[in-house]
Amino acid sequence: EIVLNQIGIKTKSTIDSLTIFGNPNIQLNKTLKISPQEDHRVAMAFFCLGQLLNGKVEINNFQTVNTSFSKFLTTMKKIGFIGLGNMGGPMACNLLKAQHEVAVYDIVPSLLESISEQGGIACKSAAEVLYGADLVISMLPASQHVESLYLGDEGIMPLIDTSSVIIDCSTISPASSKKVSAAAQARGIAVLDTPVSGGVVGAIAGSLTFIVGGTEADLEKVRPILEIMGNNIFHAGAAGAGQVAKICNNMLLSVLMTGTAEALQLGVNNGLDAKVLSEIMRKSSGGNWALEVYNPYPGVMDNVPAGND
């Protein structure tokens with residue numbers, strides 16, 4: 001009953017009776033009222049109660065919950081997530097919102113605490129997140145961090161279950177991605193390099209673009225998970241291809257950002273308003289992604305780095 005109350009069951013439909021078997025001294029005959037939209041949460045509650053009592057749950061006159069329960073058990077994943085910074089933190093939160101079990105680790109205690117408060121399972125080490133994980137996701141700053149995590153003296157590669165899939169979302173060198181991939185494949189572990197585009201705003205909104213290197217078969221295994229965190233998923237090719245495509249994209253973006261910043265400064269130096277000029281160029285032949293969603297001139301656009309104090 002405590003578990004059911006904690007998940008916030010709402011009123012709309014009725015379960016006539018709920019009986020917990022496994023302990024002859026415990027029987028719940030209280031009528032429970034729930035909203036059909038929350039079947040997956042009810043299924044979780046039933047699952048928890050059954051586990052606590054080492055028994056099973058019998059639900060009378062509510063077939064929908066039985067169906068939801070089966071669907072819940074087959075779709076829920078346990079995910080190990082390493083790296084909870086500006087990008088990784090929001091990505092992990094979106095997985096939690098989708099009702100997945102997410103074990104998290106970061107070397108910064110405050111980041112770990114923040115995700116834990118939102119339902120993540122805080123771990124004391126990167127190795128600890130691997131326990132029972134179907135997927136291992138990493139989002140780290142640079143090549144050396146990724147190589148150290150997986151291949152270092154205390155690297156986790158030897159500890160990862162061979163049934164797991166590694167998804168490295170870091171933007172790193174193709175050579176590093178290939179080294180990690182080779183080590184994983186030597187143990188029979190599926191691995192994808194999946195650098196992202198879309199920035200912090202996209203990570204928060206769950207609208208990232210994933211640029212994937214690895215096999216198509218492995219990508220399809222994890223596509224539903226990636227779709228929780230992003231809107232666009234592209235298979236670039238074999239291991240390391242995701243990183244090559246990301247480098248190409250970043251090269252072009254740097255040209256656009258530099259040109260946009262220079263053009264705006266030129267206009268301001270000659271008496272134009274940066275907001276007005278941005279809109280003119282956005283609707284003209286100079287229109288580009290930077291003008292649309294990531295304007296580099298201070299004060300023109302909110303929720304972008306140039307808009308920070």
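Side chains included, hydrogens not; waters and symmetry mates left out as well; all remaining heavy atoms used.
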- Query: Are I172 and V244 linked, directly or through other ILVMFWY residues, by side chains that come within less than 4.5 angstrom of each other?
  - Reply: no

- Note on the structure: Closest non-hydrogen contact found for S176 with E147 is OG-OE2, 2.6 Å

- Task: Answer with yes or no whether the hydrophobic clustering places Y297 together with L277; edges join I, L, V, M, F, W, Y residues whose side-chain heavy atoms lie under 4.5 Å apart.
- Result: yes

- Query: When rounded to the nearest 0.5 angstrom, what distance separates CD1 in I79 from CD1 in I167?
  - Reply: 7.5 Å

- Distance, nearest 0.5 Å, that separates CG of D134 from NE2 of H100: 10.0 Å

- Query: Judged by atom type as modelled, is there a donor-acceptor pair below 3.5 Å linking the side chain of D161 to the main-chain atoms of A133?
  - Reply: no

- Nearest non-hydrogen partners of M139 and G88, listed with the distance: CG-N, 3.7 Å

- Query: Can you find a pair of side-chain heavy atoms, one from L151 and one from V180, that are under 4.5 Å apart?
  - Reply: yes

- Query: Can you check whether V201 reaches V293 side chain to side chain, under 4.5 Å on heavy atoms?
  - Reply: no

- Task: Please examine the side chains of Y294 and M301, heavy atoms only from C-beta on, and report whether any two atoms are closer than 4.5 Å.
- Result: no

- For G242, does its backbone N or O pair with a side-chain atom of D193 as donor and acceptor, under 3.5 Å? yes

- Query: If you measure from CG on L291 to CG on L264, what distance do you get to the nearest 0.5 Å?
  - Reply: 6.5 Å

- S177: side-chain hydrogen bond (donor to acceptor under 3.5 Å, both in side chains) partners, not counting sequence neighbours: Q243

- Taking all atoms of both residues into account, what is the closest heavy-atom pair of A274 and V268, and its distance? CB-CG2, 3.9 Å

- Decide whether V146 and V108 are clustered together by the hydrophobic rule: side chain heavy atoms of Ile, Leu, Val, Met, Phe, Trp, Tyr closer than 4.5 Å, transitively. yes

- Task: Measure the spacing between NZ of K246 and OG1 of T209 and express it to the nearest 0.5 Å.
- Result: 10.0 Å

- Identify the heavy atoms of L96 and G120 that sit nearest to each other, and give their distance. CD1-N, 3.5 Å

- I204, L226: one ILVMFWY side-chain cluster at the under-4.5 Å cut-off? yes

- Item | CD/E220: more than 12 non-hydrogen atoms of other groups inside 6.0 Å | yes

- Partner of L192 by side-chain contact (heavy atoms from CB on, under 4.5 Å), out of L135, D218, I166: D218

- Message: For the CD atom on E292, are there more than 12 heavy atoms of other groups (residues, nucleotides or ligands in this structure) within a distance under 6.0 Å?
- Response: yes

- Check: A245 main-chain N/O paired with N249 side-chain donor or acceptor under 3.5 Å: no

- Message: Quick one, S181 with Q185, criterion side-chain hydrogen bond (donor to acceptor under 3.5 Å, both in side chains). Give me CA distance, side-chain angles, the key distance, then yes/no.
- Response: CA-CA 6 Å; S181 177; Q185 290 178 18; 2.9 Å; yes

- Could you please spell out the steps behind the side-chain hydrogen bond (donor to acceptor under 3.5 Å, both in side chains) verdict for N231 and S207? CA-CA 5 Å; N231 289 340; S207 60; 4.6 Å; no

- Answer yes or no: is there a side-chain heavy-atom contact under 4.5 Å between Y150 and I156? yes

- Task: Taking K78 for its side chain and Y131 for its backbone only, find out whether a donor-acceptor pair lies under 3.5 Å.
- Result: yes

- Nearest heavy-atom neighbours spanning Y105 and L112: CA-CD1, 3.6 Å

- I107 side, atom CD1; I82 side, atom CD1 - distance, nearest 0.5 Å: 12.0 Å

- Given side chains that start at C-beta, do those of S148 and L140 come closer than 4.5 Å, heavy atoms only? no

- Query: So, do L95 and I137 sit near enough that their side-chain heavy atoms are less than 4.5 Å apart?
  - Reply: yes

- Task: Could you tell me whether the side chain of H145 reaches within less than 4.5 Å of the side chain of S170, counting heavy atoms only?
- Result: no

- Is there a donor-acceptor contact under 3.5 Å from the side chain of T194 to the main chain of I211? no

- Query: Is there a donor-acceptor contact under 3.5 Å from the side chain of S114 to the main chain of S110?
  - Reply: no

- For residues L219 and I233, determine if any side-chain heavy atom of one lies less than 4.5 Å from a side-chain heavy atom of the other. yes

- Message: Does N250 have more than 12 heavy atoms from other residues, nucleotides or ligands lying within 6.0 Å of its CG?
- Response: yes

- Task: Say whether, by atom type as modelled, one donor and one acceptor occur between the side chain of N288 and the main chain of G286 under 3.5 angstrom.
- Result: yes

- Value rounded to 0.5 Å, distance of CE in M87 from SG in C169: 8.5 Å

- Which atom of N94 lies closest to which atom of A205, heavy atoms considered: ND2-C, 4.4 Å

- Look at the side-chain heavy atoms of Ile, Leu, Val, Met, Phe, Trp and Tyr, link any pair under 4.5 Å apart, and say whether V212 and M229 land in one connected group. yes

